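One structure is given below, encoded as structure tokens.
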Amino acid sequence: MNEFCPHCGLRFEVEPGYFIGAMYVSYAFSGGLALILGFLLFYGFNNPPGWVYALIVSVGVVVISTINFRLSRVIWLHYVAGIRYDPAL
């Protein structure tokens with residue numbers, strides 16, 4: 001992740017270890033995905049064996065990991081640091 005925005009010069013990392021809190025947002029996304037996939041498997045595929053749940057949920061979490069990493073940091077930065085998007089910049 002860049003230390004400063006290449007366009008406006010905004011410093012992204014407010015303090016050392018600032019984005020450790022983004023792990024909670026990432027955990028919520030992963031847990032939500034696991035719940036959605038679990039319900040889809042249970043109701044849509046007539047409750048398959050446990051290894052199917054583990055395989056599908058694991059693959060789903062790995063697939064969204066790169067998006068989850070960036071999105072959780074952006075959400076943490078906007079809602080905790082109070083940095084707002086300004087389209088004029």
Side-chain angles (χ1 to χ4, degrees):
M1 183 171 175
N2 294 334
E3 186 175 349
F4 294 96
C5 175
H7 184 68
C8 68
L10 174 73
R11 183 166 186 216
F12 289 124
E13 191 159 348
V14 179
E15 61 190 31
Y18 176 74
F19 287 111
I20 291 175
M23 290 187 309
Y24 297 111
V25 178
S26 175
Y27 179 73
F29 285 149
S30 297
L33 177 70
L35 280 173
I36 290 169
L37 290 175
F39 281 119
L40 284 174
L41 287 170
F42 184 80
Y43 291 112
F45 294 96
N46 201 18
N47 195 13
W51 66 268
V52 175
Y53 284 100
L55 179 68
I56 298 295
V57 170
S58 299
V59 168
V61 169
V62 168
V63 166
I64 70 157
S65 65
T66 57
I67 297 167
N68 191 1
F69 176 75
R70 291 184 181 267
L71 188 60
S72 63
R73 283 178 168 233
V74 167
I75 289 173
W76 188 256
L77 187 64
H78 283 279
Y79 288 108
V80 174
I83 295 172
R84 300 289 176 239
Y85 173 70
D86 185 5
L89 292 176

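Just so we're clear, the structure is a prediction, and the values are computed from it rather than from any experiment. Numbering starts at 1 and runs along the sequence shown.
One hydrophobic cluster, built from ILVMFWY side chains closer than 4.5 Å, cannot hold both Leu77 and Met23; they sit in different ones. When the side chains of ILVMFWY residues are joined at heavy-atom separations under 4.5 Å, either directly or via intervening members, Ile75 and Phe19 end up in a single hydrophobic cluster. Grouping the Ile, Leu, Val, Met, Phe, Trp and Tyr side chains by contacts below 4.5 angstrom, directly or via other members, places Leu71 with Tyr79. In this structure, Val57 is not a member of the same hydrophobic cluster as Tyr27, with clusters built from ILVMFWY side-chain heavy atoms closer than 4.5 Å. Under the 4.5 Å side-chain heavy-atom criterion for grouping Ile, Leu, Val, Met, Phe, Trp and Tyr, Phe39 is connected to Val61 within one hydrophobic cluster.
Taking CG of Leu35 as the reference point, atom CZ of Phe42 lies at 13.5 Å (rounded to 0.5 Å).
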Problem set entry | Stepwise side chain to side chain contact (heavy atoms under 4.5 Å, CB included) check, Tyr53 with Asn47 | CA-CA 9 Å; Tyr53 284 100; Asn47 195 13; 2.8 Å; yes

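For Tyr18, the OH atom is densely surrounded, since the number of other residues' heavy atoms within 6.0 Å is greater than 12.
Scanning both residues, Ile56 and Leu37, for their nearest heavy atoms gives O-CD1, 3.9 Å. The two residues Ser72 and Ser26 come nearest to each other via the heavy atoms CB-N, 3.7 Å.
For Pro49, the side chain to side chain contact (heavy atoms under 4.5 Å, CB included) criterion is met by Trp51, Val52, not counting sequence neighbours. With sequence neighbours excluded, the residues that form a side chain to side chain contact (heavy atoms under 4.5 Å, CB included) with Phe45 are Leu41, Pro48.
Between Phe29 and Ile67 there is no side-chain heavy-atom pair separated by less than 4.5 Å.
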